[in-house]
Each structure stands twice: as C-alpha cells, then as structure tokens.
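Chain A is the first sequence line, chain B the second, and so forth, proteins listed ahead of strands; every chain is numbered from 1. Side-chain atoms are counted along with the backbone in the values below, which use heavy atoms only and exclude waters and symmetry mates.
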Amino acid sequence: MPKQDAKLLQGTLDMLILKALSLGPLHGFGIGQRIVQMSGEVLTVEEGSLYPALYRIEQQGSVGSEWGVSENNQRAKFYKLTRAGRKQLQVEEENWERLASAVFKVMQTA
Amino acid sequence: MEKLRIVVARLRGLFLRRSVEREMNEELRLHIEMRARENMRRGMTEEEARRAAERSFGNLARVKEACRDVKGGGVIETLLQDLRYGARTLFKNRGFIFVVILTLALATGANTAIFSVVDAVLLRPLPFGDPERLVALRETLPDEGAIPVAYRTYAEWRGQWRSYF
C-alpha cells in the first residue's frame with residue numbers, strides 16, 4: 001500500500017521540522033539544512049516538499065511565522081515553534097519511539 | 001487561541017488569496033536563491049548554481065500546487081468552488097433551469113395551498129369563545145327529512161328555551 005508509506009513519511013517530515021525548530025527559529029532553507037545536518041547527512045530532504053508540510057503545520061498552530069532578515073542580510077520568512085508545537089513534538093516523539101522500537105523488535109526475531 | 005489562528009489563516013487564504021500567493025512565491029523564490037548562493041560558495045558558476053538549486057528544490061509547480069491546497073480556504077473554498085461550478089453548469093442549460101424552477105414553484109404553491117386549508121380547518125382553534133360548546137341545529141320534517149333551521153324558526157325556538165345550550 002504505497003499510500004500508507006507516503007503518509008508515514010509525511011508524518012515523519014512534520015516531526016523532523018518540529019524537531020529542527022525546537023532548537024530555535026529558522027527560515028525554510030535553514031530547516032532543510034538543519035535536518036540534513038542533524039541526521040549526519042544521511043537524510044536528504046527534497047527542499048520543495050518542506051513547504052507544504054511547513055504550511056500545514058503552521059495552519060495546525062504548531063508553528064508561527066514572521067518575515068525577518070537572515071544571517072546574510074536577506075529577507076526571509078522565519079518559523080518558530082509555538083507552545084502547542086512543543087507539545088505536538090513531544091507526542092510525535094513518543095509515537096515515533098514506540099513505532100521504531102516495535103519495528104526493531106519485529107526485525108530482530110530470527 | 002490556536003483555533004482562532006487557524007481560522008484567521010483560513011480566512012486569509014480565502015479572501016486574500018493574491019497576497020497569500022505572492023508571499024508564497026516570494027518565500028519559495030528566496031529559498032532557491034539561498035540555495036544557489038550556497039552552491040556558488042562551494043565553487044559553482046552562477047548558472048550551474050541556479051540550475052542545481054532548482055533541481056534540489058524539486059518540481060516547483062507541484063510544490064506550489066500542494067502549498068495552495070494547504071493554504072487555501074479549506075472546506076469553505078472547496079464549497080465555493082462547487083457552488084461556482086454548479087452555477088456555471090446550470091447556466092449552460094437554461095431549459096433545464098426553467099423546468100426545475102417551474103416544478104419547484106408549482107410544488108411550493110400546491111403545498112402552501114394545502115397547508116393553508118389544513119391550518120385553517122384542523123390546526124387553528126375556531127375563532128369563537130368556548131368552541132366546544134358550538135352546536136349545529138337541524139330540524140327534521142316528515143316529508144323532507146333533515147333540513148337547516150331557518151332563522152325565524154331559530155328565533156322562535158329561542159323564545160321558548162329557558163336557557164342556552
């Protein structure tokens with residue numbers, strides 16, 4: 001069921017975005033960079049796909065945004081985790097851990 | 001509070017579509033620019049850097065479409081689209097509209113007429129005091145059977161009664 005796969009990936013991306021923002025406000029480009037960096041360059045994010053996810057999360061109220069100026073003195077829209085976003089991240093982290101350890105257990109059985 | 005923010009964002013998507021669209025285009029353009037500058041810093045030529053930036057961004061048109069889906073007015077926007085579509089289809093088909101409106105008008109009229117009667121006869125109380133004490137008088141004649149009572153007869157009877165019904 002390919003659809004289910006996509007859903008799982010999408011959910012994961014949302015969580016990774018929240019996690020990246022938990023360290024401080026970032027613009028979209030920075031979020032992508034930070035995810036790749038935090039994964040030890042293992043994960044690659046198709047940069048465009050960040051934005052629909054980001055906008056969705058924003059509409060859910062997990063992040064807020066405002067225009068500002070980047071480190072290179074360039075206009076950019078910065079995203080910041082809201083309090084609801086922090087709670088959401090916690091929930092998603094717990095779910096993820098449960099899922100990951102369950103999958104791990106399955107794969108370990110001989 | 002969060003709910004309110006979502007509602008505001010949705011309304012913005014619905015009514016300020018152009019400014020939302022402009023903001024999104026700006027944001028995505030700046031992203032690609034940032035990536036291109038990063039690429040140039042790593043030694044690519046300007047042209048290479050721009051093309052690589054576009055490549056790593058993915059399909060821009062599709063991304064925008066997905067963003068619009070999220071940013072739009074949501075359910076309300078879909079509803080408005082459906083209404084617009086419905087109206088357009090109807091106007092292409094005037095004969096059909098005419099028949100539909102006529103049918104609805106006749107049906108509504110007939111219903112109203114029937115209901116007016118039911119309302120007056122069955123639902124509304126009679127416009128007299130103590131309606132349960134009303135009676136109908138008839139007299140029975142040997143030759144003609146039961147007939148309505150003429151007023152004179154009634155007045156006469158009334159003179160003979162000691163009390164009303």
Gln90(A) CD: over 12 foreign heavy atoms closer than 6.0 Å: no
Atom pair CG/CD of Leu28(B) and Glu47(A) - distance to nearest 0.5 Å: 11.5 Å
Cluster overlap Phe78(A) with Leu89(A), hydrophobic side-chain contacts below 4.5 Å: no
Single-linkage hydrophobic cluster, 4.5 Å side-chain cutoff, Phe91(B) and Ile101(B) together: yes
Heavy-atom side-chain proximity of Glu27(B) to Trp67(A) below 4.5 angstrom: yes
same_hphob_cluster(Leu16(A), Phe29(A)) at 4.5 Å side-chain heavy-atom cutoff: no
Which portion of Glu46(A) sits near chain B, non-hydrogen atoms under 4.5 angstrom: both
Which atom of Pro52(A) lies closest to which atom of Val70(B), heavy atoms considered: O-CG2, 3.8 Å
Chain A contact via Leu60(B) - which portion, at a heavy-atom distance below 4.5 Å: neither
Atom CZ of Arg75(A) with >12 non-hydrogen neighbours under 6.0 angstrom: yes
In one Ile/Leu/Val/Met/Phe/Trp/Tyr side-chain cluster, 4.5 Å: Val42(A), Ile35(A): no
Same cluster (ILVMFWY, side-chain, under 4.5 Å), Leu90(B) and Leu83(B): no
Spatial distance of atom SG (Cys67(B)) from atom OH (Tyr51(A)) [nearest 0.5 Å]: 9.0 Å
Positions in residues 29-45 of chain B that reach chain A, provided some heavy atom is under 4.5 Å away: Leu30(B), His31(B), Glu33(B), Met34(B), Arg35(B), Arg37(B), Glu38(B)
Heavy atoms from other residues, nucleotides or ligands near CD of Glu26(B) exceed 12 (cutoff 6.0 Å): yes
